[in-house]
Structures are given as structure tokens and as C-alpha cells.
Amino acid sequence: MAGFLSRERIVAPPGWSRWLVPPAALSIHLAIGQVYAWSAFKGALEKGMDIGGVASALPFTLGIVMLGLSAAVFGTKVDANGPRWAMVVSSSCFVAGFLISALGIWLGQYWLVVLGYGGVGGIGLGIGYISPVSTLIKWFPDRPGLSTGIAIMGFGGGALIANPWTASMLTAFGASGNDPDPNGIALAFLIHGVVYAVFMTMGWLLIRVPADGWKPAGWDPAVQKTRAMVTTAGVSAANAIKTPQFWLLWIVLCFNVTAGIGILERANPIYQDFFRDSTTAETLTSAAVAFVSILSLANMLGRFVWSSLSDVVGRKNIYRIYLGVGALLYIALTFIGEGNKAVFLICAMLILSFYGAGFATIPAYLRDLFGTYQVGAIHGRLLTAWSTAGVLGPIIVNAIADSRADVAGPARYTPAFIVMIVLLVLGFVANELVRPVSDRWHEPAEEKEVAA
């Protein structure tokens with residue numbers, strides 16, 4: 001079995017189309033993107049297992065934390081063993097998370113849900129998130145932003161598939177409403193695990209790596225190197241974290257994600273607080289639900305559109321847009337959004353598109369600075385910024401909003417939005433400080449070739 005999973009077994013033969021790699025990556029990312037649809041289970045779990053809102057959020061919270069930690073810990077092993085090994089491990093952990101959770105619900109042991117979905121499944125999230133990245137970048141050295149944008153768009157789009165699917169399944173199994181059947185919830189988890197096992201298998205069966213020395217027809221690496229921020233050398237993951245470039249990008253990603261997730265996590269109540277006085281109660285509720293769906297779509301599309309544009313304008317320039325324009329959008333949202341729904345919607349959509357795009361563009365930025373040598377491992381370490389932002393963003397917005405519960409309307413969020421503006425400006429400054437990596441961190445050519 002080890003031979004079947006090895007990198008040597010999946011070297012593409014001559015004439016193999018590189019456009020088969022993005023679908024393989026999507027099969028993993030569309031599956032693990034289900035984590036963004038965890039809220040579809042929350043109501044059923046709270047009523048069916050008699051737990052509170054904090055407890056029902058634990059599997060999701062632990063899953064995101066484990067995503068960052070497992071990506072950081074196993075990143076080097078993912079690069080060394082190859083994408084098929086990584087995708088099989090990811091699939092096994094992610095599917096096992098659902099199966100363990102199903103058993104826990106059936107036995108009435110909620111701790112098994114936390115351990116299964118959050119702990120074991122979270123490891124699958126982290127390894128699955130980074131597993132296709134270095135492979136896609138090696139297949140698309142001419143368009144790294146587009147290639148990673150396609151895959152990571154799948155992570156954002158996974159919830160758009162999982163959310164209605166989960167809701168309809170829970171309804172069909174009598175696991176929705178005020179008196180949900182725990183066995184129906186367990187069955188829904190079981191079916192999720194089985195279906196995702198089949199879907200993710202297509203990815204690791206299809207994945208291939210390019211042969212040594214392969215390059216796209218008509219592509220000249222010398223032309224690419226004319227951009228000052230792009231290197232053709234390689235930097236190891238161990239050395240990358242010693243460079244200022246890595247930590248500057250850590251700040252860039254963390255603050256960009258914090259600014260986006262601050263709105264995303266509380267999107268429904270933010271909309272209602274902004275327009276409560278100008279909209280009827282019934283219309284307000286449905287409009288807030290639609291607003292959340294629109295933001296999810298902006299999050300998904302931004303991952304592809306802006307990341308692809310970065311291939312043309314450069315990674316540093318595109319992050320100037322994410323951070324600089326993002327700060328201006330927060331200013332407009334704070335001081336103009338209350339009285340104008342169109343301005344509010346446009347600003348929020350663009351902020352969320354920048355949020356998603358930040359995830360999709362960062363692997364290409366890392367590739368530009370550190371090369372392809374261990375870019376998957378470097379990416380894994382950088383994803384600890386996501387884990388930090390996943391805690392930081394909601395805490396900032398919710399803590400400030402809760403402390404100002406007596407303040408009506410948009411003013412309830414003004415201090416939180418000002419904090420986001422400051423963080424985006426700090427991220428902008430960090431991006432401006434990024435310079436090409438010093439030659440002293442580059443790997444010797446022969447070592448880089450062996451690892452490739």
C-alpha cells in the first residue's frame with residue numbers, strides 16, 4: 001500500500017493534461033469545505049442532545065484550531081510523501097470524524113462528537129487543505145494564482161453544497177424541528193461520512209505530479225524571474241520561518257482574515273442592527289438570511305477572481321488592494337452604510353471577497369518568495385495565522401457588540417469596525433515591508449532537485 005501512495009507511483013506520463021489536477025484538488029476542498037456549514041447541525045444537536053450553544057460550537061471551533069495545527073505539524077511530511085499520501089490521510093481522518101460523531105450521537109455521548117468531528121476530522125481538514133497546493137503550483141508555474149484560486153474556491157463553495165443538503169437530510173430523517181430524533185442526526189452524520197469517502201477518493205486516485213524537468217509549453221522561467229519578488233530558488237520550511245518575510249506574511253494573512261471573519265461570523269445580526277428601523281420585522285429576517293448567502297457567494301468567488309488577477313498584477317499589489325481598499329471599505333461601511341443599503345451591501349461583499357481571496361493568493365505569494373521546494377510545508381505553518389484570526393475576529397466584534405448592547409443600530413459596531421480598520425492598515429504596512437528573500441536562505445540546487 002505504501003508503494004501505491006508514494007510520489008513515484010503518481011508521476012504523470014508524457015502528454016497527461018495538467019487540467020485534470022484542479023478537479024482532483026476540488027474533490028478534496030469541496031468536501032472539507034463542509035466545515036463552514038456546521039451551523040446546519042447546531043440546532044438539531046442542541047435540541048436532540050440537550051446542549052447549549054457554546055457546546056454545539058465546540059466541534060467547529062476545535063476543527064478550525066486543529067486545521068491550523070495539523071497543517072503546521074504535518075506540512076513537511078505532506079511535501080515529502082506526496083499529494084496522494086496526504087489526500088488519503090486527509091480523507092481517512094475527515095470521514096472518520098463523521099463516523100465517530102455518528103457513533104457518539106447514537107450512544108448519547110457528545111464528547112465523541114467533539115473528539116470525532118473536531119479532533120480527528122480537524123486533522124483531516126488541515127492536511128486536506130494544504131495537500132493539493134504545492135502540486136498545483138508545480139503544474140501551473142505560469143499561473144499559480146489561478147490554480148490555487150480554483151482549489152481554495154472549492155473550500156469556500158463546499159458550504160454552499162453542504163448547507164441545503166444537510167438541512168434536507170435532517171428533515172427527511174426527523175431530525176429537525178423542536179423535537180429532533182437523535183438517531184436521525186446520527187444517520188445524517190453517517191451518510192455524510194460515506195458520501196464524502198466516495199467523493200474524496202476520486203481526488204487521490206486522479207492526482208498526479210509532473211515529471212522532473214517538466215514545464216508548460218511556451219513558458220519561460222527567465223521571463224517570470226524578471227519580477228523582483230519572484231524567485232526560482234528554493235527555501236526549506238525550517239529556514240522560511242527564520243525569515244522576516246514569513247512573519248510579515250503571517251501578519252498580512254492574520255489581519256486580513258480577522259477583518260473578514262469579523263463580519264462573516266456575525267453577518268445576520270449586523271444586517272438586522274443596521275436596518276432594523278427602516279425594514280419591517282418579517283422582511284428584515286428574510287433579508288438578513290439572504291445577506292448571509294450573498295456574503296458566502298462573495299467569499300467563494302473572490303477566491304478565484306482576485307487570486308487569478310494576482311497573476312497579472314503581482315502578489316504584493318493585490319494585497320495592497322485587499323488591505324488598503326479593505327480599510328477604505330470599512331470606513332465607508334462605518335460612516336455611510338447605515339443610510340444606504342446599496343453601499344452597505346457592496347462594501348460588505350467586497351470585504352468578504354478580499355477575505356476569501358487572501359486565502360487563495362497566499363500560497364502563490366509564498367511560492368514567489370520561497371520557491372516550490374517545500375511550499376506546502378511553509379503554507380501549513382502560515383495557516384496558524386488563520387487559527388489565530390478565527391479566534392481574534394469573532395472575539396473583537398462580539399465582545400464589543402455585547403458591551404454596547406444598550407446602543408441601538410450601527411453605532412453598536414463602530415468601535416469594532418475602527419479596530420478592523422487599524423488592523424488592515426497594519427497589515428498594509430507589513431505587506432509594504434516584504435522584500436525578496438536573501439540568497440543565504442536558499443537551498444543548494446542539488447538538494448532542491450532531489451526533493452522535487
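Here the options are Ile185, Asn183, Ile191, the test is side chain to side chain contact (heavy atoms under 4.5 Å, CB included), and the partner is Leu187; only Ile191 passes. When each of Phe199, Phe41, Trp38, Tyr117 is paired with His192, the ring pair (Phe, Tyr, Trp, His ring centres under 6.0 Å) condition holds for Phe41 and for no other. When each of Leu329, Ile318, Leu424, Asn299 is checked for a side chain to side chain contact (heavy atoms under 4.5 Å, CB included) with Phe354, only Leu329 meets the rule. Each of Thr384, Leu249, Thr388 was compared with Cys254 under the side chain to side chain contact (heavy atoms under 4.5 Å, CB included) criterion, and only Thr388 meets it.
Here the closest heavy-atom approach between residue Ser70 and residue Gly126 is recorded as OG-CA, 3.3 Å. Closest non-hydrogen pair, Ser90 versus Ile32, comes out as OG-CG2, 4.4 Å.
A donor-acceptor contact shorter than 3.5 Å links the side chain of Ser307 to the backbone of Gly145. The main-chain N or O of Gly174 is never found under 3.5 Å from a side-chain atom of Asp181 such that the two would form a donor-acceptor pair. A donor-acceptor pair under 3.5 Å links the side-chain atoms of Trp139 to the main chain of Arg208, judged by distance alone. Checking side-chain atoms of Arg315 against main-chain N and O of Leu366 turns up no donor-acceptor pair under 3.5 Å. No donor-acceptor pair under 3.5 Å is formed between the side chain of Trp204 and the backbone N or O of Trp85.
Contact check for Pro141 versus Lys215: no side-chain heavy atoms found under the 4.5 Å cut-off. Contact of the Phe370 side chain with the Tyr365 side chain is not registered, since no non-hydrogen atoms from C-beta on lie closer than 4.5 Å. A 4.5 Å side-chain heavy-atom check between Val434 and Tyr319 finds every atom pair outside the cut-off.
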Problem set entry | Evaluation steps, side chain to side chain contact (heavy atoms under 4.5 Å, CB included), between Leu190 and Trp106 | CA-CA 10 Å; Leu190 176 64; Trp106 184 64; over 6 Å; no
For this session: Might you work through the side chain to side chain contact (heavy atoms under 4.5 Å, CB included) test for Val235 and Tyr373, ending with a clear yes or no?
Result: CA-CA 6 Å; Val235 180; Tyr373 173 47; 5.9 Å; no
For this session: With side chain to side chain contact (heavy atoms under 4.5 Å, CB included) as the test, would you mind laying out the steps for Arg381 and Ile130 before giving the verdict?
Result: CA-CA 10 Å; Arg381 285 160 169 77; Ile130 64 173; over 6 Å; no
For this session: Take Trp441 and Gln245 through the test side chain to side chain contact (heavy atoms under 4.5 Å, CB included) and record every step on the way to the result.
Result: CA-CA 11 Å; Trp441 299 113; Gln245 288 84 354; 5.8 Å; no
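Judged by distance alone, the side chains of Thr372 and Lys138 never bring a donor and an acceptor atom under 3.5 Å apart.
Between the OG1 atom of Thr135 and the CZ atom of Arg18 there is a distance of 14.0 Å, given to the nearest 0.5 Å.
Note on ring orientation: taking the six-membered ring where Trp is involved, the planes of Tyr271 and Phe344 are perpendicular (angle over 60°, cut-offs 30° and 60°). Using a 30° and 60° split on the angle between ring planes, Tyr355 and Phe359 fall in the perpendicular class, above 60°.
Heavy-atom neighbours of Trp16 CH2 from other residues, nucleotides or ligands within 6.0 Å: above the threshold of 12. By the 6.0 Å contact criterion, NZ on Lys77 is open, its count of non-hydrogen atoms from other residues, nucleotides or ligands being 12 or less.
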